[in-house]
Asker: 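Sharing a structure with you now.
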Amino acid sequence: CSYYFFFSCRFNNLNNYKEGKRNVLVTSALPYVNNVPHLGNIIGCVLSADVFSRYGRLRGWNMLFVCGTDEYGTATENKAREEGLTPQQICDKYHAVHSSIYSWFQIDFDFFGRTTTEKQTEIAQNIFWRLHKHGYLVEDTVEQLRCENCQRFLADRFVEGTCPHCSYPEARGDQCDKCGRLINAVELRDPQCKVCRQTPVIRSSKHLFLDLPKLESQLEQWLEKSTSTGDWTTNAKQITHSWIRDGLKPRCITRDLHWGTPVPHPDFKEKVFYVWFDAPIGYLSITANYTSEWERWWKNPLQVELYNFMAKDNVPFHSVVFPCSLLGAQDNYTLVNHLVATEYLNYEDTKFSKSRGTGVFGDMAKDTGIPSDVWRFYLLYVRPEGQDSAFSWADMAMKNNSELLNNLGNFINRAGMFVTKFFEGCVPVMELQREDKELLAVVGWELQQYIQLMDKVKIRDALKHILNISRHGNQYIQVNQPWKKIKGEESERLRAGTVTGVAVNIACLLSVMLLPYMPLVSQIIRDQLNAPQSCVYTMLQGSGTFVCSLSAGHRIGTVSPLFQKLEAEQIEALKKRFGGQQVLDVHDAPLQSTPSTPAAAPAAAIKVAAVEGGDKVRALKAQKAEKDVIAAEVSKLLELKTQLALAEGKNLEPTSKKGKKK
């Protein structure tokens, strides 16, 4: 209830552009409406953007944080067919699911919208006509797959087949989820219509393309400036460079679908915009549905800084395709200054999979009994900033019990309890000695490091400095032992008071630094300390200033523990619950049948292992690993394919090679 109250207040008090302020526009990649986000989706996009937005507000920047559900395209049509609903009903249903999940995770959007709006149609069609006017659209006839049984062209996800690049057997008609390569549906081997499972035929269809080669020089000039002056993550730069290096090709922006933004051109009135031309425009239309002053954010590149948050698979669309659309429109659009892309978060030692019941999805987290702030903390602690990372139940329990309970929570609780127990709930007089000043200098340095890292969107690394401060505080209390000194001479009692006063002020600082990461815990700490609201906005100004917010005589509130221990039995039960189907280790499965073993591992298990093996090969190639290392993994992958063929009862006899066409 409190979240929705805050949300509605923010909506009614529009966060408009402000002249003379640092205006920061934050977007997180629009989630597909019909997919329930898993933990990797949440940390890669909305949670990271939320932390940075909350931090920016503490810094006094004028922030606008928008996101929403991406609702058009083949994925929605497919889901609607599966569930027996209309596409609009599917969008309404799953938009509510997404909103509920992000509410529980305390994602503090200024506005969470959707792309199925009149504003989306208006703005997308305006950009289209401007591109058309300036000569950046070209027509071409392309070969497409058509299902004669369904009497329709099969766009994107209405067709599946074997990837021509990595041989993944369930590649879509636009992109392979295994190797990440973009593909044309006609390139698929053994294609099938997803609706009726019939084999489609190749037919011709006329489409419109964005002329990326014509925009390439403009794009390169802009990229050189943006990547050199902005905070682009290393992977974002590398992925973008690889696209430019390989040369840009015209990219189709129309699709033979019904569910989408209609193409306004009379020669293409039966078509809609391809989702990756249309979807990023959703950032603009969602902002336009939030404020009538949306152009002061989106057509103001000299006065607005734009941060895009996403996982690495979305980088090319935000660094190449969408910027080209805006550059070609020639309407002074705000382009991304800081492109922040995470690597992938895996689940334990495998991938998240809804179909296999593997991993925690957003709608499941609240049923675990673990508070949302603890989920936020752990996901941010393992945020895949420079390389892939993994969610682990055992590690989550360890971090909760050691970092939150024994370190952070222990320090804050002790500081507050000393005030309550020894000083009748009032902060005592403090007479600083050299040791206290040395501690304050160390704490000040940690605060400055935190700010420097957060300014550069190094969210995971900045979190470590919060935990460092509480470690210093625990050590300070342990060395000075105020519970003993309070029983001694007056000088010792004064010393106990100083240590307690310093500690409780450090606890107040920690509540502010924690706010972007654990907003509810932050508020609870400030409530327990009865901290003035002003402390929230004073300590993170400039390079960071640790000020005494709780002066002598300040009366604190009721102190109580902040965290609970995660027990081994509880964690084991959760690990089992979200572990999905047990998959056989195919490397241990015999190829030849014996009286006690099957001829091969189950096909499903091998397919899972093949997917993971393909991921490993792809990652090694991306890292430019040694050729022999890659070759060894490729060999394992080929072995898995052989086992998969055996498990599926396919003939392993080599097929005769067809002669080349003359």
Side-chain angles (χ1 to χ4, degrees), residues 27-32 45 70 72-75 115 120 123-132 134-138 140 142 155-156 172-176 180-184 207-224 226-227 230 232-233 235-255 260-261 263 271-285 298 306 308-331 333-341:
T27 70
S28 56
L30 307 184
Y32 277 128
C45 300
D70 173 10
Y72 283 133
T74 53
T115 57
Q120 176 73 8
I123 296 172
Q125 290 184 348
N126 176 265
I127 290 173
F128 167 82
W129 280 123
R130 294 186 69 89
L131 288 167
H132 186 272
H134 296 300
Y136 292 118
L137 298 181
V138 292
D140 199 3
V142 298
D156 303 335
R172 303 194 311 264
D174 61 343
Q175 188 173 17
C176 176
R181 297 277 291 274
L182 298 177
I183 53 181
N184 290 321
H207 282 278
L208 285 165
F209 289 73
L210 179 61
D211 195 348
L212 293 180
K214 195 172 180 180
L215 289 156
E216 193 164 355
S217 62
Q218 291 183 56
L219 178 72
E220 287 181 332
Q221 288 177 26
W222 165 74
L223 278 172
E224 184 177 357
S226 184
T227 57
W232 287 52
T233 52
N235 57 358
K237 292 180 182 179
Q238 291 173 342
I239 292 167
T240 302
H241 175 71
S242 69
W243 268 59
I244 301 295
R245 181 195 61 211
D246 296 340
L248 299 181
K249 299 176 178 60
R251 183 159 182 81
C252 190
I253 66 168
T254 54
R255 282 291 184 266
T261 301
V263 178
K271 302 182 190 295
V272 299
F273 288 130
Y274 173 46
V275 69
W276 267 113
F277 172 77
D278 185 63
I281 297 172
Y283 297 135
L284 284 62
S285 70
W298 283 103
L306 173 58
N308 288 163
F309 286 80
M310 70 203 68
K312 62 182 177 182
D313 55 333
N314 276 335
V315 166
F317 304 106
H318 289 79
S319 66
V320 176
V321 180
F322 185 43
C324 278
S325 297
L326 298 183
L327 286 167
Q330 297 182 14
D331 204 14
Y333 276 109
T334 303
L335 301 179
V336 62
N337 303 96
H338 315 276
L339 203 157
V340 184

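Computed from a predicted structure; not experimentally measured. Basis for what follows: all heavy atoms, side chains included, without hydrogens, waters or symmetry-related copies.
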Asker: Can you tell which of N337, N314, T27 makes a side-chain hydrogen bond (donor to acceptor under 3.5 Å, both in side chains) with N308?
Answerer: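 By the side-chain hydrogen bond (donor to acceptor under 3.5 Å, both in side chains) criterion, N308 pairs with just one of N337, N314, T27: T27.
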Asker: Within the 4.5 Å heavy-atom criterion, are I239 and P316 side-chain neighbours or not?
Answerer: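 A side-chain contact exists here, since the closest heavy-atom pair is under 4.5 Å.
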Asker: With a 3.5 Å distance limit and no angle check, can you tell me whether D331 reaches the backbone of I127 through a side-chain donor-acceptor pair?
Answerer: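 No.
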Asker: Can you tell me how far OH of Y136 sits from CG of D211, rounded to the nearest 0.5 angstrom?
Answerer: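 Between D211 CG and Y136 OH, I get 9.0 Å after rounding to 0.5 Å.
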Asker: Any side-chain heavy atom of L335 within less than 4.5 Å of one from F322?
Answerer: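 They are not in contact (no side-chain heavy atoms under 4.5 Å apart), so the answer is no.
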Asker: Sub-3.5 Å donor-acceptor pair from the side chain of T261 to the main-chain atoms of F273, do we have one?
Answerer: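 Between the backbone of F273 and the side chain of T261 there is no qualifying donor-acceptor contact (under 3.5 Å).
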Asker: Determine the minimum heavy-atom distance between A311 and C45, stating which atoms define it.
Answerer: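 Result for this residue pair: N-SG, 4.1 Å.
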Asker: Would you find more than 12 non-hydrogen atoms of other residues, nucleotides or ligands less than 6.0 Å from R130 atom CZ?
Answerer: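 Count over threshold, so yes.
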Asker: Is the backbone N or O of K237 less than 3.5 Å from a side-chain atom of T240, with the two atoms forming a donor-acceptor pair by type?
Answerer: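 Between the backbone of K237 and the side chain of T240 there is no qualifying donor-acceptor contact (under 3.5 Å).
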Asker: Please check if the side chain of E220 supplies one atom and the backbone of I244 the other of a donor-acceptor pair under 3.5 Å.
Answerer: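 Judged by distance alone, no pair lies under 3.5 Å.
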Asker: Taking the side chain as everything from C-beta on, heavy atoms only, tell me whether D174 gets closer than 4.5 Å to Y274.
Answerer: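 Touching, per the 4.5 Å side-chain cut-off.
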Asker: Search all heavy atoms of A236 against all heavy atoms of A341 and return the closest pair with its distance.
Answerer: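 Residues A236 and A341, closest heavy atoms: CB-CB, 4.5 Å.
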Asker: Is there a side-chain contact between S319 and W243 (heavy atoms, below 4.5 Å)?
Answerer: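 They are not in side-chain contact.
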Asker: Any idea which heavy atoms bring G282 and Q120 closest together, and the distance?
Answerer: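 Looking at all heavy atoms of both residues, the shortest contact is CA-OE1, 3.2 Å.
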Asker: What are the two closest non-hydrogen atoms of V142 and H207, and how far apart are they?
Answerer: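 The pair with the smallest heavy-atom distance is CG2-CD2, 3.4 Å.
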Asker: Measuring from S325:OG to L210:CG, what's the distance to the nearest 0.5 Å?
Answerer: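 Nearest 0.5 Å value for the OG-CG distance: 5.0 Å.
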Asker: Kindly give the heavy-atom pair with the smallest separation between A29 and Y283, and that separation in Å.
Answerer: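 So the two residues come closest at CA-OH, 3.3 Å.
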Asker: Quick one: closest heavy-atom pair of E216 and G247, and the distance?
Answerer: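 Nearest pair, atom of E216 first, then G247: OE2-CA, 4.2 Å.
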Asker: For V321 and R251, run side-chain contact (heavy atoms from CB on, under 4.5 Å): C-alpha distance rounded to whole Å, both residues' side-chain angles, the deciding distance at 0.1 Å, then the answer.
Answerer: CA-CA 8 Å; V321 180; R251 183 159 182 81; 3.9 Å; yes
Asker: What's the verdict on side-chain contact (heavy atoms from CB on, under 4.5 Å) for T254 and F277, showing C-alpha distance, side-chain angles and the deciding distance?
Answerer: CA-CA 8 Å; T254 54; F277 172 77; over 6 Å; no
Asker: Parallel, tilted or perpendicular: which one describes the rings of F317 and W276, with boundaries at 30° and 60°?
Answerer: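 Aromatic pair F317/W276 classed parallel.
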Asker: A side-chain contact here means heavy atoms from C-beta on lying under 4.5 Å apart; do F128 and D278 qualify?
Answerer: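 A side-chain contact is absent here, since even the closest heavy-atom pair is not under 4.5 Å.
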Asker: Rounded to the nearest 0.5 Å, how far apart are CD1 of I123 and OG1 of T115?
Answerer: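 If we round to the nearest 0.5 Å, I123:CD1 and T115:OG1 are 12.0 Å apart.
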Asker: To the nearest 0.5 Å, what is the distance between NZ on K214 and CG on L131?
Answerer: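 Output value for this atom pair is 11.0 Å.
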Asker: For the atom pair OH (Y333) and CG (L327), what is the distance rounded to the nearest 0.5 Å?
Answerer: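 If we round to the nearest 0.5 Å, Y333:OH and L327:CG are 12.0 Å apart.
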Asker: Quick one: NE2 on H241 to CG on L223, what's the gap to the nearest 0.5 Å?
Answerer: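 Nearest 0.5 Å value for the NE2-CG distance: 11.5 Å.
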